[in-house]
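This report refers to the structure that appears directly beneath it.
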Amino acid sequence: MNKIRIEKIENLPARQVTFSKRRKGLFKKAGELSVLCDAEVAVIVFSSTEKLYEFSTSSTVDVVARFKLCTEDVEEGDQQSPNELQLVTDECMRLKMELAEKIHKLRHMEGRDLEELNIDELQRLENMIEGGLSRILQTKDQRIMSQILALETKGAELTEANNLLRQRLGTLSNGDGNKASGVLSDPGISTDEEGMRSGSCTIATSCFSTGSSSSSMDDSSSEYTFSLKLGLPR
């Protein structure tokens, strides 16, 4: 397999074609790197004719500014004296040791790695846990009491609202009853009703009287007819 020799292309047209192809391929690879690795990429290319070509996933100016900031920090770090570097190193070591100690105590409070503790250390650990537990229980009781008081207050408010609703319902019921009583005790309506009752009684009496008279007349006629048939005096 023939390999392409990496050297300057002397033929100017071939050099320009290769530059165009390789530049596009470089920008394509930079874009793929940004997508695959979630990286911020910027590519700046100057051709042999001093023409600028650039590619950036965000902004070339912002990437260049970040680059300058990082290089300045590195230069300042390089300019620090050995004593300052030693102080920073010592501080890091101290913080690491303090963190390891805190983690170790936390494991003891969780009930782990207790085999390495003697009786006095175990007693101090017990006292510390009991003190913390008492504070936790006290805080818990306070929270529970606060919730109970809040619920009682809410219950009293609901009870009061319920009583008000009952009073309103009672008032509305009494108002409807008074209206019905007023209708029954209206004088005009009573007079009309009495007149209607009297008229009904009169009509009934007249009908009864008419019925009686008709019955008497029918009886007399029947008796007269019977007397005539028998030839008896009336």
Side-chain angles (χ1 to χ4, degrees), residues 1-118 120-122 124-140 142-143:
M1 182 177 180
N2 296 328
K3 293 183 179 181
I4 299 176
R5 295 179 61 184
I6 304 300
E7 61 182 10
K8 181 180 178 180
I9 300 174
E10 297 297 337
N11 189 347
L12 183 59
R15 186 195 308 164
Q16 291 177 348
V17 172
T18 302
F19 175 78
S20 178
K21 291 181 179 180
R22 293 296 181 99
R23 174 175 52 81
K24 291 179 180 179
L26 177 62
F27 289 169
K28 181 180 179 181
K29 292 295 183 181
E32 292 176 354
L33 176 63
S34 174
V35 174
L36 293 173
C37 302
D38 193 19
E40 190 173 5
V41 180
V43 180
I44 300 173
V45 178
F46 287 94
S47 66
S48 58
T49 59
E50 299 298 327
K51 187 175 181 180
L52 173 64
Y53 299 91
E54 63 174 322
F55 171 82
S56 176
T57 55
S58 58
S59 171
T60 305
V61 177
D62 294 340
V63 175
V64 172
R66 288 183 61 184
F67 171 76
K68 289 182 178 179
L69 182 62
C70 292
T71 54
E72 289 176 358
D73 292 340
V74 171
E75 291 176 357
E76 291 177 358
D78 294 338
Q79 293 176 359
Q80 288 181 350
S81 63
N83 293 330
E84 292 178 351
L85 291 176
Q86 185 62 36
L87 291 175
V88 173
T89 303
D90 294 342
E91 182 66 16
C92 290
M93 291 297 297
R94 185 186 67 80
L95 292 175
K96 286 182 180 180
M97 293 177 63
E98 184 176 353
L99 178 61
E101 184 179 359
K102 297 295 183 183
I103 293 175
H104 204 54
K105 289 183 178 180
L106 180 60
R107 291 179 64 85
H108 289 166
M109 294 182 67
E110 292 175 350
R112 294 184 292 177
D113 299 337
L114 301 178
E115 295 81 3
E116 60 188 23
L117 300 179
N118 56 30
D120 294 335
E121 291 173 343
L122 290 172
R124 285 195 297 269
L125 179 62
E126 182 182 359
N127 295 335
M128 182 173 59
I129 293 175
E130 287 180 353
L133 181 61
S134 63
R135 289 189 294 270
I136 291 172
L137 293 176
Q138 183 178 2
T139 305
K140 178 184 174 183
Q142 292 176 356
R143 296 288 176 84

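Just the heavy atoms: all of them, side chains too, but no hydrogens, waters or symmetry mates, feed the values below.
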Side-chain donor/acceptor pairs under 3.5 Å, residues 97-111, sequence neighbours excluded:
residue	atom	partner	partner atom	Å
E98	OE1	R94	NH1	3.3
H104	NE2	E116	OE2	2.3
R107	NE	D113	OD2	2.6
R107	NH2	D113	OD2	3.2
H108	NE2	D113	O	3.2
H108	NE2	E116	OE2	2.9
E110	OE1	R112	NE	3.2
E110	OE1	R112	NH2	2.3

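Atoms CG and NZ, on L33 and K28 in that order, are 14.5 Å from each other to the nearest 0.5 Å. One finds the CG atom of L133 at 11.0 Å from the CD atom of E126 (value rounded to the nearest 0.5 Å). Rounding to the nearest 0.5 angstrom, the gap separating the NZ atom in K29 from the CG atom in L26 is 10.5 Å. Atoms OG1 and CZ, on T139 and R135 in that order, are 9.0 Å from each other to the nearest 0.5 Å.
T60 pairs by the side-chain hydrogen bond (donor to acceptor under 3.5 Å, both in side chains) definition with E54, not counting sequence neighbours. For K8, the side-chain contact (heavy atoms from CB on, under 4.5 Å) partners are E10, R15, not counting sequence neighbours. With sequence neighbours excluded, no residue forms a salt bridge (Lys or Arg N to Asp or Glu O under 4.0 Å) with R22. E121 pairs by the side-chain contact (heavy atoms from CB on, under 4.5 Å) definition with L117, N118, R124, not counting sequence neighbours. Under the side-chain contact (heavy atoms from CB on, under 4.5 Å) criterion, S58 pairs with E40, S56, V63, sequence neighbours left out.
Between the side chain of T18 and the backbone N or O of A14, at least one donor-acceptor pair lies under 3.5 Å. Not one N or O on the side chain of S34 forms a donor-acceptor pair closer than 3.5 Å with the backbone of D38. Of the possible donor and acceptor atoms, one in the side chain of S134 sits under 3.5 Å from a partner among the backbone N and O of G131.
Between V45 and F19 there is a side-chain heavy-atom pair separated by less than 4.5 Å.
Scanning all heavy atoms of the two residues, the minimum distance from Y53 to S47 falls at CE1-CB, 4.1 Å.
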